[in-house]
Amino acid sequence: MNSTEIDLHKELKKYFGFSQFKGLQEKVVESIINGNNTFVIMPTGGGKSLCYQLPALVLDGMAIVVSPLIALMKNQVDSIRSLSSDAGVAHVLNSSLNKTEIAQVHRDVKSGVTKLLYVAPESLIKEENVAFLQAIKLSFVAIDEAHCISEWGHDFRPEYRNLRTIINQFGDIPVIGLTATATPKVQEDILKNLGMSNASVFKASFNRPNLFYDVRNKTKNVEADIIRFIKQNANKSGVIYCLSRKKVDEIANLLQVNGISAVPYHAGLDAKTRAKHQDMFLMEDVDVVVATIAFGMGIDKPDVRFVIHHDIPKSLESYYQETGRAGRDGGEGYCLAYYSYKDIEKLEKFLSGKPIAEQEIGFALLQEVVGYAETSMSRRKYLLHYFGEEFDELKGEGADMDDNMRSPKEKIEVQEEMRLLLQTIIDTKQIYKTKDLVCILGGTVNAIIKSHKSDEQNYFGKGKSRDDKFWRALIRQNTVAGYISKDIESYGVLKVTPKGQNFLAKPTSFLMTKDHDYEAATMEDDIIAIEKSSKISSDQVLLSMLKDLRKKVAKKLGVPPFVVFQDPSLEDMTIKYPVTITELGNVHGVGEGKARKYGVDFVNLIDKYVKENNITRPDDLIVKSTGAKSGLKLYVIQNIDRKLPLTDIAESKGIDMDTLIKEMEHIVNSGTKLNIKYWIDELLDEDQQEEIHDYFMEADTDDIVVAVDEFEGEYDFDELRLMRLNFLSEVGN
C-alpha cells in the first residue's frame, strides 16, 4: 500500500477531525506510508505525534512506538483510544503493567485489533518481548524523542543505543525517528545510530514566534519575583521548572502559602500522586505545576501561558524543549528564566564526577547556555542559530519577542578587535576553545597554552586592553554571525569560516552589542537586601518621612537610627505600605519582635499617608514565608543559649560560618535577642570590644565595609559582623 492509494485528507478527517494537515505533516505521512525510513525534526506543538499515528491507523499490521516516559505513553494511548470504538486499538507495554494487563495486551495484539503499541526501550530489549513481537505483522517502528540516542542530546539514555540491534530482529521494516529538538550534531548522531543514512529528512522551523523570551538576574529574592509574576498573570496555566526535587517541594509549598493553586511533580512522588497532580493541571483544578524535567514530556496542554525556569537548565535543547510547553495553541507564551553563574558552577561541579568524555560534552553544552543567558543580541536569533537555522532579527516573525529586542543594549564598533580575534585564531593554528583563546588574548597562562608554547608568541596578550567578558561576548556574536564556527567533534574548538577569511582580507564595520552583566551586586554586609523589580520603585516622599520618624524614635531611645530599622527595611515599607503590626512583620528584616517593639508609630504614619494619598496597597507583594527555615532558627537559638562554639553549630548543620552568621543576623534583625558574648570573648579582649561598641553607638551607618575602613583593617570582616550582631541584639532587641 502506498500514499497514492489512500485519501489522506479523508483519513485525517475520519480519525482526527481535521480538514487540513499542519506544516510538514502531510509530506511526513506520505513518506511513512510509502515505506521509507523517515526522520522528523519538529518543534513541540508542531503535531509530531500525528505523523506516525495516522499511518499506523491506516497501514496493515501494527506499529511499535518506542517512547521514554510512561506518562507520555499513557497520554498518547488515551488520546488514540478516544478516536476509536475499540479500546484495544492502542496499548502500552512497560513496567507499570501487571500480569493480567500484559495478557490482555498480548490477546489484542495477536487478534490484530492493536494498531499502535507503545513500548519503553527497557521493555523492548527483553527477550520474551522480542520473541513475541517477531511473530506479529509490523508496519514500522517509530522512535519518539530520538535525541535520547545521542550523547550530545539533552536527555541521553544508554538503552536507546541498542535499539537498532533489536529492530533488525524484526526483519526489514521502516524506521521513523522523531525529535522536537536537535542540533546538527545530534541529527547526524541519530541517523548514524539508527543506521538510516538513507532516510527522508523533514525539518520544520524551530521558530515559535508567539513565545516571549526573558532572562532575569537570579537574586536571593527570586521567589518573591516569581510570586509577583504569577499574581500578575492570575488564572493562567503555567509550569515552573527546578533542577532538584527539594526545590520543587519548597517552591510549590511557598506558592500555596501565598494563595496560588500549585502542585509539585517529580520522580520522588509515588505514581498515584504524580498522575493525580498531572490530571489536576490538565483539568484546570490547579493553575501551576512546579516540576523537575521529568514533567512535561507527555503533557499536551495547549494553553500553558508561561514557563518559568527557577534554575537554568543543563543545555539549550532542554531549555527549548521545556519553553516549548508554552503557547501550543498559538496564543501568548511567556518564557522566563532566572540566571546566576553560581548555578552554572553547581552544574559543573556535578559534572566533575562523570567520565572525561561526558564531562567535556556537559561543559560544552553548559557554555552554550551561559552564552544564551548573558547575550544581549536577539535571543531568538541565538537560539535558532544553535539549531542550525538562520533568523532575521529585524524582520523575522516574532523578532521583537524577547527582552533584549524590547530593551536594546548599547552597540559599539569593534572592527579592530574583531580583526585581532580572527587573526589570533589563525595564528594559534585553530586549536583552541573559547576559554583558552580568551586567556591568550588577555595574556593569562594555563597548562594547555604552556604546552603549545603560545605564551612565547608575539600575539600573546595583545587583547589586554579589553576584559575576558568582552572577548567571550565577541566570540559568541561572531559565531552567530557566521565568522567563526565551533568544531563540535572536538568539544568546541574555534575555526575561522570563509566569511571570516573574507573579513580579514577586507575588514568592514562590525557593531557588537554589550553583554548583560549578571554579576549580582552584593553588599557583603547587606543581609536583608531587597531586589526590586524594574516595575517597582520606592516612594521617595514616604521614605523621607519614615527616616525622619526613625531619627526621632532613635533619639528618644538613645540609640543609632539603624538599630530601630535598617535602610532596606524602610525602603521595603515604601513598596508594601504595611498598616498593621502583622503586615510590618512581613517587611524585609523586620520580624514580629521588632515590629511590636518599634512598629506602632511607623504603621500609624503609613496608614495616614496611604489614606491621604489614595494609595492602592499591593497586597500581592507581601510574600509569606513557609517557615521552612524555622528548624534551623530554633536550633541556632537553643545552642547559643547553651553557649556552644559557633564553629560546632555550623559544622553540625553542614553549613559554613558565613551562612551561620547570616542566619544569626536574620534572627537578630527580626527582633530576637542572641547572646554571643561568650564567643566574642574568645576573639576580642574587653578594650577591643568596647572600642567597636562605641564606634557603632556613634556611627551613622552599620555598613561593615565602612567599619573595616574606619579601623584601617585592625579587625577583620567577620569580627566586625559578630560585634555588630551583638550590638544590635543588646541595644535594639
Side-chain angles (χ1 to χ4, degrees), residues 1-12 14-16 25-40 48-67 72-73 76-94 97 101-121 123-144 146 163-178 194-196 198-200 202:
M1 189 185 290
N2 62 46
S3 58
T4 55
E5 298 166 30
I6 300 170
D7 184 340
L8 292 179
H9 286 85
K10 189 179 166 188
E11 299 292 345
L12 179 70
K14 173 185 163 186
Y15 286 109
F16 294 92
Q25 283 178 333
E26 188 170 3
K27 287 179 178 169
V28 174
V29 169
E30 282 176 358
S31 173
I32 295 172
I33 287 174
N34 290 333
N36 300 325
N37 282 341
T38 306
F39 184 35
V40 183
K48 198 161 44 87
S49 310
L50 185 142
C51 291
Y52 59 80
Q53 287 171 351
L54 184 59
L57 292 167
V58 302
L59 286 171
D60 293 337
M62 180 186 77
I64 296 173
V65 182
V66 180
S67 178
L72 172 65
M73 296 184 207
Q76 299 237 345
V77 165
D78 288 347
S79 73
I80 295 161
R81 284 177 176 172
S82 70
L83 310 172
S84 170
S85 55
D86 198 325
V89 67
H91 274 298
V92 298
L93 188 61
N94 58 36
L97 304 186
E101 289 166 329
I102 291 170
Q104 183 61 51
V105 172
H106 282 200
R107 276 197 299 277
D108 285 347
V109 169
K110 280 178 183 169
S111 67
V113 171
T114 305
K115 300 299 287 177
L116 283 128
L117 182 67
Y118 285 81
V119 187
S123 303
L124 189 62
I125 57 180
K126 286 183 179 170
E127 283 179 27
E128 65 268 28
N129 289 337
V130 173
F132 171 68
L133 292 168
Q134 279 174 324
I136 306 299
K137 180 174 171 54
L138 301 175
S139 51
F140 59 84
V141 175
I143 296 163
D144 209 355
L163 286 175
R164 182 70 247 188
T165 316
I166 303 299
I167 294 166
N168 287 342
Q169 295 179 53
F170 301 139
D172 186 19
I173 56 169
V175 176
I176 322 304
L178 305 103
L194 286 176
M196 47 192 271
N198 63 340
S200 304
F202 298 91

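- Listed by chain and residue number, nothing satisfies the side chain to side chain donor-acceptor pair (under 3.5 Å) test with Gln134 (two or more places apart in sequence, or in another chain).
- The line from CD of Glu127 to CD1 of Ile166 is 9.0 Å long, rounded to the nearest 0.5 Å.
- With Ser111 contributing its side chain and Arg107 its backbone, the two residues share a donor-acceptor pair below 3.5 Å.
- Note that CD1 of Ile167 is 11.5 Å distant from CG of Leu133, once rounded to the nearest 0.5 Å.
- Residues passing the side chain to side chain donor-acceptor pair (under 3.5 Å) test with Thr38, sequence neighbours excluded: Ser31.
- Evaluation of the side chain to side chain donor-acceptor pair (under 3.5 Å) rule for Asn129 yields no partner, not counting sequence neighbours.
- Heavy-atom minimum distance, Gly35 versus Pro174: O-CG, 3.6 Å.
- Separation of atoms CG (Asn94) and OG (Ser67) is listed at 9.5 Å; rounding is to 0.5 Å.
- Taking Asn36 as the reference, nothing meets the side chain to side chain donor-acceptor pair (under 3.5 Å) condition, with sequence neighbours excluded.
- Atom OG1 of Thr114 sits about 4.5 Å away from atom CG of Asp108, to the nearest 0.5 Å.
- From Ile176, atom CD1 reaches atom CG of Leu194 across 10.5 Å, with rounding to the nearest 0.5 Å.
- A side chain to side chain donor-acceptor pair (under 3.5 Å) check over residues 167-177, counting only residues at least two apart or in different chains, returns the pairs Arg164-Asn168.
- You'll find the side chain of Phe170 reaches within 4.5 Å of the side chain of Val130, heavy atoms only.
- The side chain to side chain contact (heavy atoms under 4.5 Å, CB included) test applied to Glu11 returns Ile6, Lys14, Tyr15, Leu54, Val58, not counting sequence neighbours.
- Side-chain atoms of Lys137 do not come within 3.5 Å of backbone N or O of Met62 as any donor-acceptor pair.
- Val65 is listed as a side-chain neighbour of Tyr118, based on a closest heavy-atom distance under 4.5 Å.
- Side-chain N or O atoms of Lys110 include none that pairs as donor or acceptor with a backbone N or O of Ala135 at under 3.5 Å.
- Atom CG of Leu124 is separated from atom CG of Leu163 by 6.5 Å, given to the nearest 0.5 angstrom.
- Arg81 approaches Ala87 most closely through the heavy-atom pair NE-O, 2.7 Å.
- Across all their heavy atoms, Ile33 and Pro55 have their closest contact at CG1-CB, 4.0 Å.
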